[in-house]
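Following this message is one structure expressed as C-alpha cells.
These numbers were taken from a predicted model, which means no experiment stands behind them. Positions are given from 1, in the same order as the sequence printed here.
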Amino acid sequence: MTVPASGFIMESDGSNCLPLPPDVENRIVSDLLKESESNLKEGNLHYVVSNRWFRRWQLYVGQPTEEFFSKDQSSDSPHLNVSPFNILRPGPIDNSDIIINGGDSENNELEIERFLVERRDYVLVPGEVWEKLYDWYKGGPPLPRKLISQGVTQKNFYVEVYLLCLKLIDSRDGSESTIRLSKKATISDLREKVFALKGVEQKEACIWDYFNKWKQSVLDGTSQTLEELNLQMDQHILLEVDGTTLQTGMDATQNELALVALEPSWSPLSIAGGAVMSSGHSSSYGNQGSSFSTSVSDMDDRNDVSSIVKNRGRGGLIGLQNLGNTCFMNSALQCLVHTPPFVEYFLQDYSEEINSDNPLGMHGVFALAFGELLRKLWLPGQSSIAPRAFKGNLARFAPQFSGYNQHDSQELLAFLLDGLHEDLNRVKRKPYFETKASDGRPDVEVADECWRYHKARNDSIIVDVCQGQYKSTLVCPVCRKISITFDPFMYLSLPLPSTVTRSVTVSVFYGDGSGLPMPYTVTVQRHGCTKDLTLALATACCLKSDEDLLLVEVYDHKIYRYFDNPLEFLASIKDEEYLVAFRLPKRESGRPKLEIIHRSVEKYSTDHSKGLERKLFGTPLVTYLGEEFHSGADINAAVSKILFPLRRTYSSTVSHSSKENDFVFEINDEPANCSPRSGSRSQSMDNEVKETSEKELFFQLLLTDASGVSCKPIGKDSAIKHGPLIKVFLDWTDRERKLYDVGYIEDFPPVHQTRFMKKTRQEATSLFSCLEAFLTEEPLGPDDMWYCPVCKEHGQATKKLDLWKLPEIIVFHLKRFSYRRYLKRKLDTFVDFPIHNLDLSKYVKSNDGKSYLYNLYAISNHNGGLGRGHYTAYSKLIDEKRWYHFDDSHVSPVDEEEIKTSAAYLLFYQRVEK
C-alpha cells in the first residue's frame with residue numbers, strides 16, 4: 001500500500017481502502033493552514049464549514065477545541081482535549097445547520113443563515129484544506145467564499161461570508177428575484193448577471209438603484225463597485241426594459257403617498273460650507289475621488305413614503321433607518337449629532353479646518369461625511385433618512401465595522417471621535433517632544449507641561465470640547481519606584497463594581513484541631529494575587545497574630561496545588577474550583593507537613609467474589625508534625641488531634657446554623673466575634689485529645705507516595721522516614737463514621753457558587769460608585785505588567801488614577817460587557833445617575849476655576865442580551881428642554897423620569913457654565 005496526497009491508504013490498483021490515522025490527517029491540515037497563512041492574497045478561496053461538524057473532526061484528530069464554542073454550549077461546560085482513540089471518526093461533512101433550506105428559487109444558490117458567529121456557528125478553512133476534507137469525508141454542500149481586502153489607509157483581508165443580496169424588481173410584471181454578488185463586484189458584473197437572468201439585451205434595458213423603492217440613480221456600466229455605490233443588503237434594484245415603468249402616481253408598493261412632495265435630500269450649503277455643485281462635490285473640496293465623496297446628490301436619504309412626515313418645521317427629530325444591524329451606529333450618531341457644540345460647529349462653515357494631509361486621518365472625508373449627515377438630520381421635513389453614504393465611508397476607513405454584524409456603540413464612538421479629531425486637526429506639522437519624567441516636580445507644573453505638549457500636536461474641535469486629562473500613578477511592588485504621568489482622555493470607561501472585584505469562597509480548617517471548619521466568602525480585587533486573598537480571609541476568620549493561613553486547591557478529593565507564591569494571580573483560580581485554607585501556628589512553620597487523604601471503605605460483591613472497595617472522598621487535611629516524630633504512633637496522634645472537633649460528642653454541642661441539608665448557602669465575609677480562644681480551653685482540649693487517643697483503637701493509616709499509587713500500612717511502631725511532606729491515606733469504616741461527623745469534611749462550596757444559587761435581581765449601584773471603582777488603586781492585570789526602570793524587569797505594579805482636567809462634554813462608558821476568550825457576559829445592573837447637576841468637584845485634583853457641574857443630554861442604550869441585543873438612544877433637544885427616544889427610524893417624545901433604565905450604556909454630559 002502507499003499513502004498518496006489524497007489522504008487515504010490505497011491499494012496497488014488505486015482504489016480507496018482505509019482512511020488515514022487521525023494524527024496524519026491533523027498533520028496534513030496543520031501544514032496546509034500554515035502554508036495558506038503565509039500566502040494571503042485577494043481572491044483566495046475559503047470555505048464555510050459548520051462548526052458542529054468541524055469540532056467533531058477536531059476531537060477525532062486530537063486538535064485543541066478550546067477556541068471554538070458551538071451555540072448550544074455554555075461557558076461552564078469543560079473544553080478538554082479528548083484522546084482521538086476515544087472519539088469515533090465523523091461522518092460526511094454536514095453544513096445543513098448553517099444554510100437556509102432550498103437555496104434561492106431563481107438559480108438554486110445556497111444561502112447561509114443570517115447572523116451566524118465565526119468559531120461558534122462556523123469556521124473558515126482555506127480551499128486546500130477543504131479539498132482534503134472533502135476527499136476524506138465527502139458531504140457538504142460546499143460554500144466557497146473569496147478573500148477580499150478592506151480599508152483605505154491600511155489593507156486588511158476578510159473572507160466575505162455573506163454576499164450582497166439585492167432584490168430585483170422587473171418593471172414589466174412587478175416580479176421580484178434575488179441576486180447575490182460580492183460587494184467588490186462592479187456595476188458591469190451586476191448588469192451582466194441581471195440581463196442573463198432576465199434574458200434581455202443590455203442596450204434595451206437599464207437598472208436603477210431602487211433603495212426604499214425610489215429611483216435613486218441609474219446603475220450604468222462603470223467600473224465602480226457595489227460597495228462604492230453604497231448598495232445595501234436586501235435593498236431593491238429596478239429593471240426597466242424599453243422604457244417600461246411601474247404604474248405612475250404610485251410607488252412599487254401601490255402607495256399613493258408617493259405623490260407627497262418631499263424636501264430635497266441635501267442642504268442648501270455643501271457639507272463644508274460652499275455652494276453645492278451638480279456633481280455632488282463641494283466646490284471648496286472638489287479634489288477628492290468619487291469613491292471618497294459623500295455624494296450629496298444621491299437620494300439615499302429619502303424617507304420611506306409609507307411614513308408620514310410628522311416633524312415638518314422642526315430639526316433634530318429625524319430618525320436613522322436601520323441598514324442591517326446598524327442600530328449600534330444609529331444610537332451613537334444620534335448622541336453625537338445632538339451634542340450642542342457639534343451642532344453649532346458643523347452647521348457653520350468649517351472648511352478651513354479640514355486637514356486633508358494628515359497621515360493619521362482620512363483625508364478630511366470622514367469629517368465631511370459626518371458634517372453632511374448632521375446637517376441632514378437637523379433639516380426639518382423628514383421623519384427618517386438612510387445613512388448609506390456615511391456607512392459606506394465608515395466601512396472603507398474602518399473595515400471592522402463593515403458587513404452586517406452587530407457591533408459595540410462605544411467602540412464606534414471611540415473611532416468617530418478619533419477620526420473626526422484627525423480630520424479636523426488644526427496642526428499641519430506635528431512637533432516632536434521628548435517625554436520628561438516628573439522627577440519630584442509639582443503636579444501642576446508637570447500637568448501643564450504635558451497638556452501644552454499634547455495641544456501642540458493635537459488641536460481640534462474634539463480636543464476643545466471632549467478631551468480632559470487624568471493623573472496616573474504607578475508604584476513598583478519591589479523597589480517602590482513611583483511613576484507619575486498626565487494623560488489625555490476622550491471618555492471615561494467606568495467598571496461596574498462587580499467587574500472590579502470578585503467574591504471568593506474558601507473553606508477554612510483548624511490545622512491544630514482547635515475548632516470546626518467554616519466556609520468564608522470574601523471580596524477581593526479581580527486582578528489581585530493570593531496575598532490579597534489570604535489577607536481578606538485572615539480578617540474574616542479572625543486569624544490570630546501567631547497564626548498563618550496555608551492556602552491549597554482541592555481537586556478530586558486530593559490537594560492539587562499549594563499556593564506557596566503569595567504573588568500568584570487570582571485569575572488562575574476559576575469559579576468552579578475548590579479552595580481550602582488551614583490555620584496553622586507560625587512557630588511550627590518549616591516543620592514537616594502531614595497531608596491526610598480520606599478513603600471510604602465499602603463492601604462490594606459480584607457473582608463470583610466479595611471484597612472491599614476504597615474510594616476517595618471529602619477534603620484532605622493538613623497539619624504540622626512535631627520536631628521529633630519517629631513512629632506511626634506520632635502520625636496517629638496528629639491525625640487524632642486534627643479530627644478531634646469532628647467527634648460527635650464535641651460537634652453536637654456546636655451550632656449547625658451554617659449548615660442546611662449538608663449544604664452551605666450564605667456566609668458573610670465580615671468577622672463575627674474575633675475574641676481569641678482562651679489558653680486554658682486550648683490546654684484542656686490538648687489534654688482531652690491525648691487522653692482519648694490513648695483509649696481509642698489505632699486509625700487505619702497507609703503511607704503513600706507523591707503520586708498516591710503505592711500504599712504501605714502504618715503500625716504504631718512503624719518507622720517513618722523524615723521529609724518536608726508526608727502523605728497518608730485514612731481509611732474510614734463504619735467504626736470511624738460512628739465516632740466522627742464526616743459531614744464537616746464532605747460538603748463545601750466552590751470558589752463561586754453560581755450554579756447552585758437562585759438567580760436574583762442584581763443590586764443597583766450609582767454612577768458615583770462606578771467612578772470611585774475607576775479611581776480606586778488596584779494592581780495591574782497579568783496581561784498589563786509594568787516595566788520598572790529601576791528593577792529593569794516587568795512586575796505587577798499598583799495603579800491609581802485621578803481626574804485632573806475635565807472637558808466641556810464628558811462621556812461615561814459603563815462597562816457592561818465582560819470578555820472571556822470568545823464568550824461575553826452582559827451585566828444588567830441598574831446604574832443610578834444624575835440627570836441634573838452632576839457634581840464631580842470632589843474627584844478633581846486640580847483647580848482650574850471651571851465649573852464641575854454637568855447636565856445629562858444624551859444616552860446610548862443597549863437593550864436585551866448579547867446575541868440579539870438592540871441599541872437605542874435618548875437625546876434632549878436643548879431649545880425645547882424635552883427628551884426624545886430615537887429607535888432607528890422611529891422618534892417619539894419621552895418623559896424625563898423614564899430615561900433612567902438598566903439599559904444605559906453611554907452617558908453624555910455637558911458642563912453647566914458658571
Side-chain angles (χ1 to χ4, degrees), residues 316 332 334-345 410 413 417 443-444 447-448 451 454-455 461-472 486-497 764-776 800-815 830-861 873-884 894-901 904-914:
Q334 291 289 7
C335 293
L336 284 184
V337 301
H338 287 87
T339 298
F342 289 172
V343 176
E344 180 180 356
Y345 179 86
Q410 185 273 331
L413 175 72
L417 292 176
D443 285 348
V444 174
D448 289 346
W451 188 253
H454 176 67
K455 283 280 287 184
I461 178 65
I462 305 300
V463 176
D464 297 342
V465 171
C466 298
Q467 288 198 354
Q469 188 182 38
Y470 61 72
K471 173 186 175 183
S472 174
F486 289 85
D487 302 302
F489 68 85
M490 202 138 47
Y491 51 85
L492 296 176
S493 291
L494 306 185
L496 273 63
T765 187
S766 69
L767 181 63
F768 296 108
S769 297
C770 297
L771 183 58
E772 287 162 5
F774 173 75
L775 299 175
T776 299
K800 174 73 172 71
L801 296 177
D802 293 296
L803 299 180
W804 190 263
K805 181 192 293 290
L806 296 185
E808 177 184 352
I809 299 296
I810 188 167
V811 181
F812 293 108
H813 163 221
L814 303 178
K815 296 172 69 173
F830 175 77
V831 179
D832 190 16
F833 48 86
I835 298 176
H836 304 283
N837 297 322
L838 168 66
D839 189 357
L840 299 176
S841 56
K842 72 174 183 178
Y843 301 105
V844 184
K845 298 302 181 181
S846 68
N847 184 10
D848 56 8
K850 294 184 178 180
S851 168
Y852 298 135
L853 284 179
Y854 288 82
N855 286 339
L856 185 73
Y857 70 89
I859 306 172
S860 175
N861 301 301
Y874 292 125
S875 289
K876 183 178 183 179
L877 262 63
I878 304 300
D879 293 340
E880 292 188 12
K881 297 182 180 180
R882 186 172 185 180
W883 286 87
Y884 287 87
V894 61
D895 293 334
E896 187 172 88
E897 58 268 21
E898 296 178 18
I899 66 172
K900 285 188 179 184
T901 70
Y905 185 45
L906 301 175
L907 304 174
F908 293 74
Y909 283 89
Q910 183 179 22
R911 175 185 286 128
V912 178
E913 297 298 341
K914 290 183 178 179

Do Leu907 and Val811 have side chains that get closer than 4.5 Å, going by heavy atoms? no

Please examine the side chains of Phe812 and Ser493, heavy atoms only from C-beta on, and report whether any two atoms are closer than 4.5 Å. no

Looking at residues at least two apart in the chain, or sitting in another chain, which of them share a side chain to side chain donor-acceptor pair (under 3.5 Å) with Lys471?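 Lys471 satisfies side chain to side chain donor-acceptor pair (under 3.5 Å) with Asp443 once adjacent residues are dropped.
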
Among residues at least two apart in sequence or on other chains, which ones pass side chain to side chain contact (heavy atoms under 4.5 Å, CB included) with Lys455? Trp451, Asp459, Val463, Asp464

Distance from Tyr905 atom OH to Lys815 atom NZ, nearest 0.5 Å?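 The distance works out to 9.5 Å.
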
Once the angle between the rings of Tyr470 and Phe489 is folded into 0 to 90°, is it parallel (under 30°), tilted (30 to 60°) or perpendicular (over 60°)?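 Correct class here is parallel.
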
Excluding sequence neighbours, so at least two apart, what forms ring-ring contact (aromatic ring centres under 6.0 Å, His included) with Tyr874? His885

Residues forming a side chain to side chain contact (heavy atoms under 4.5 Å, CB included) with Ala858, sequence neighbours excluded: Cys335, Ser875, Phe908

Partner set under side chain to side chain donor-acceptor pair (under 3.5 Å) for Gln467, not counting sequence neighbours: His454

Considering residues at least two apart in sequence or located in another chain, which fulfil the side chain to side chain donor-acceptor pair (under 3.5 Å) criterion with Glu896?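 Residues passing side chain to side chain donor-acceptor pair (under 3.5 Å) with Glu896: His836, Trp883.
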
List the residues meeting side chain to side chain contact (heavy atoms under 4.5 Å, CB included) with Thr776, not counting sequence neighbours, and say none if there are none. none

Pairing residues for Asn837 by the side chain to side chain contact (heavy atoms under 4.5 Å, CB included) criterion, not counting sequence neighbours: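 Result, side chain to side chain contact (heavy atoms under 4.5 Å, CB included) vs Asn837: Leu853, Asn855.
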
With sequence neighbours left out, write down each residue that passes salt bridge (Lys or Arg N to Asp or Glu O under 4.0 Å) with Asp848, or none if nothing qualifies. none

Which atoms form the tightest heavy-atom contact between Tyr909 and Pro834, and what is the distance? OH-O, 2.5 Å

Partners meeting salt bridge (Lys or Arg N to Asp or Glu O under 4.0 Å) with Asp832 (sequence neighbours left out):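 If we apply the salt bridge (Lys or Arg N to Asp or Glu O under 4.0 Å) test to Asp832, skipping adjacent residues, the hits are Lys900.
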
Could you list the residues that satisfy salt bridge (Lys or Arg N to Asp or Glu O under 4.0 Å) with Lys850, not counting sequence neighbours?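 Partners of Lys850 by the salt bridge (Lys or Arg N to Asp or Glu O under 4.0 Å) criterion come out as none, since no residue qualifies.
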
Taking only residues two or more places apart in sequence or in another chain, which ones pass side chain to side chain donor-acceptor pair (under 3.5 Å) with Glu808?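 Gln910.
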
